[in-house]
Amino acid sequence: TSPSQMFMNATQVMFVTFPELAAKYGAKQAAAELNRAAKQYFQSGFDLLSADKGKDGKQKAVLRTSVDPADSALLQALTRIKENGPLDITQAHDVSGVADGSAGQLSPYWGKTMKVLSLAMHKSEVFNRQITAAAAIRMEMGKMAAEGKKLLDADGKLTAEAEARLVGIGQDTITSTQFNYAQYAKPPVMQGPVGKVVMQYKMYQLAMLSLLSRNIKSAELGKLLTGK
């Protein structure tokens, strides 16, 4: 929850998400879409899905006021991802005991205190997750357009194929680069009473090591397949 931690957390998109998206879609496009998503995040009052209204009575969220069908598709995909959980269950929740429900075992006052203390850290992670998902979804929409795939039906809703594909790529990119801190995603050794205490702050390190090992494995497999 310290300023240094939040600063370091803010670099995760640059150093972890960007390389993965660049490998899939190209560095130039990945950088452009991440910058676009970040800009829209700040224009929307620090939440791409905000339902708040400004003093003029208009919606703050850029995606809610846009008439661009692509923005409508993105909004629907992000909303579904939020409903599924990956946009909101963060490392801050893990540390404060919200992700596994253990905060409910604390006194009401201490539980509220933990939520308040972790709020800034949580919001910085939600920023990472929202722009990560938004950038990945936009680039996947570009691929679908190039393939001649429809995004929206006659009622302006995501087609079943588009929803499955866009929500899938958004969630997969969040999980692979921002990680999953839900209780079910933890290894058994971290779920018991002793493991929770001893390895309370180790989920991030474990997830990062797992990411690095997958990347090394993919790189070595690529060498074998290409003969380089």
A.B. asks: For residues 50-61, which residue pairs qualify under salt bridge (charged side-chain N to carboxylate O under 4.0 Å, His left out), counting only residues two or more places apart or in two chains?
C.D. replies: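 Every pair satisfying salt bridge (charged side-chain N to carboxylate O under 4.0 Å, His left out) with a residue in residues 50-61: there are none.
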A.B. asks: Output a table of donor-acceptor pairs, distance under 3.5 Å, between side-chain atoms of residues 172-179 and any protein atom two or more places apart or on a different chain; print 'none' if there are none.
C.D. replies:
{"from": "Thr173", "atom 1": "OG1", "to": "Ile169", "atom 2": "O", "distance (Å)": "2.7"}
{"from": "Thr175", "atom 1": "OG1", "to": "Gln171", "atom 2": "O", "distance (Å)": "3.0"}
{"from": "Ser176", "atom 1": "OG", "to": "Glu20", "atom 2": "OE2", "distance (Å)": "2.7"}
{"from": "Ser176", "atom 1": "OG", "to": "Asp172", "atom 2": "O", "distance (Å)": "2.9"}
{"from": "Ser176", "atom 1": "OG", "to": "Thr173", "atom 2": "O", "distance (Å)": "3.3"}
{"from": "Thr177", "atom 1": "OG1", "to": "Thr17", "atom 2": "OG1", "distance (Å)": "3.0"}
{"from": "Thr177", "atom 1": "OG1", "to": "Thr173", "atom 2": "O", "distance (Å)": "2.7"}
{"from": "Gln178", "atom 1": "NE2", "to": "Thr17", "atom 2": "OG1", "distance (Å)": "2.8"}

A.B. asks: For the CD1 atom of Ile137 and the CE atom of Met141, what is their distance to the nearest 0.5 Å?
C.D. replies: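 So the gap between those two atoms works out to 7.0 Å.
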A.B. asks: For Ser66, enumerate each residue passing the side chain to side chain contact (heavy atoms under 4.5 Å, CB included) test, keeping only those at least two apart in sequence or located in another chain.
C.D. replies: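 With neighbours one apart ignored, the set is Asp68, Asp71.
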A.B. asks: Could you check if a side-chain atom of Gln76 sits within less than 4.5 angstrom of a side-chain atom of Glu163, using non-hydrogen atoms only?
C.D. replies: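 A side-chain contact is absent here, since even the closest heavy-atom pair is not under 4.5 Å.
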A.B. asks: Please list, chain by chain and in numerical order, all residues satisfying side chain to side chain donor-acceptor pair (under 3.5 Å) with Ser210, sequence neighbours excluded.
C.D. replies: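 Here the qualifying residues are Arg214.
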A.B. asks: Between Thr159 and Ala162, is there a donor-acceptor pair closer than 3.5 Å when you use the side chain of the first and the backbone of the second?
C.D. replies: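 Yes.
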A.B. asks: Which heavy atom of Ala133 sits nearest to which heavy atom of Leu78, and what is that distance?
C.D. replies: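 Heavy atoms of Ala133 and Leu78 come nearest at CB-CD2, 3.7 Å.
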A.B. asks: What's the spacing between Arg36 CZ and Gln40 CD if we round to 0.5 Å?
C.D. replies: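 One finds 5.5 Å between CZ of Arg36 and CD of Gln40.
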A.B. asks: Are Glu125 and Gln12 close enough that some pair of their side-chain heavy atoms sits under 4.5 Å apart?
C.D. replies: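 Contact flag for Glu125/Gln12 side chains = no.
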A.B. asks: Closer than 3.5 angstrom, by distance alone: can the side chain of Gln130 be matched with the main-chain N or O of Leu48 as a donor-acceptor pair?
C.D. replies: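 Yes; judged by distance alone, with no hydrogens or angles, the pair exists.
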A.B. asks: Taking all non-hydrogen atoms of both residues into account, name the closest pair between Leu166 and Ala77 and its distance.
C.D. replies: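 Closest approach of Leu166 to Ala77, heavy atoms only: CB-CB, 4.2 Å.
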A.B. asks: Can you pull the ring-ring contact (aromatic ring centres under 6.0 Å, His included) pairs that have at least one residue in residues 44-77, sequence neighbours excluded?
C.D. replies: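 Every ring-ring contact (aromatic ring centres under 6.0 Å, His included) pair that includes a residue of residues 44-77, provided the two are not neighbours, is Phe42-Phe46.
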A.B. asks: Which pair of non-hydrogen atoms, one from Gly170 and one from Ile81, has the smallest distance, and what is that distance?
C.D. replies: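 Closest heavy-atom pair between Gly170 and Ile81: CA-CD1, 3.9 Å.
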A.B. asks: So, using side chain to side chain contact (heavy atoms under 4.5 Å, CB included) as the criterion, who are the partners of Thr79 when residues are at least two apart?
C.D. replies: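 Partners of Thr79 by the side chain to side chain contact (heavy atoms under 4.5 Å, CB included) criterion, ordered by chain and then number, come out as Leu49, Leu75, Glu83.
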A.B. asks: Calculate, to the nearest 0.5 Å, the distance between atoms CE and CG belonging to Met14 and Asn128 respectively.
C.D. replies: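 Met14 atom CE to Asn128 atom CG measures 10.5 Å (nearest 0.5 Å).
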A.B. asks: Would you confirm whether Arg129, through its side chain, and Pro86, through its main-chain N or O, come within 3.5 Å as a donor-acceptor pair?
C.D. replies: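 A pair under 3.5 Å: yes.
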A.B. asks: Hey, what do you get for CZ (Arg80) to CG (Leu87), rounding to the nearest 0.5 Å?
C.D. replies: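 If I round to the nearest 0.5 Å, the distance is 12.5 Å.
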A.B. asks: Are Leu209 and Leu211 joined in one hydrophobic group, where the rule is that I, L, V, M, F, W and Y side chains link up if heavy atoms are under 4.5 Å apart?
C.D. replies: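 Different clusters: Leu209 never reaches Leu211 through Ile, Leu, Val, Met, Phe, Trp or Tyr contacts under 4.5 Å.
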A.B. asks: My understanding is that only residues two or more places apart in sequence, or in another chain, count here; which of them pass side chain to side chain contact (heavy atoms under 4.5 Å, CB included) with Ala27?
C.D. replies: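 Scan of Ala27 (side chain to side chain contact (heavy atoms under 4.5 Å, CB included), adjacent residues dropped) gives Phe18, Ala22.
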A.B. asks: Run the salt bridge (charged side-chain N to carboxylate O under 4.0 Å, His left out) test against Lys149 and tell me which residues pass, sequence neighbours left out.
C.D. replies: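 Glu161.
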A.B. asks: For Arg64, give me all partners under salt bridge (charged side-chain N to carboxylate O under 4.0 Å, His left out), at least two apart in sequence or on another chain.
C.D. replies: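 With neighbours one apart ignored, the set is empty.
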A.B. asks: Shortest non-hydrogen contact from Gln59 to Ser50?
C.D. replies: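 Gln59 and Ser50 have their closest heavy atoms at OE1-O, 4.1 Å.
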A.B. asks: Within this structure, what is the CE-NZ distance for the pair Met144 and Lys150, rounded to the nearest 0.5 Å?
C.D. replies: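 Output value for this atom pair is 11.0 Å.
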A.B. asks: Only counting residues at least two apart or in another chain, list the ones meeting ring pair (Phe, Tyr, Trp, His ring centres under 6.0 Å) with Tyr41.
C.D. replies: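 If we apply the ring pair (Phe, Tyr, Trp, His ring centres under 6.0 Å) test to Tyr41, skipping adjacent residues, the hits are Phe127.
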A.B. asks: Under the side-chain hydrogen bond (donor to acceptor under 3.5 Å, both in side chains) definition, can you give me all pairs with a residue in residues 23-34, not counting sequence neighbours?
C.D. replies: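 The answer is Tyr25-Glu140.
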A.B. asks: On a heavy-atom basis, which atom in Ile131 and which in Leu34 lie closest, and how many Å separate them?
C.D. replies: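 Between these two residues, the closest heavy atoms are O-CD2, 3.9 Å.
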A.B. asks: Ser72 and Gly156: which non-hydrogen atoms are nearest, and at how many Å?
C.D. replies: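 Taking every non-hydrogen atom into account, OG-O, 4.1 Å.
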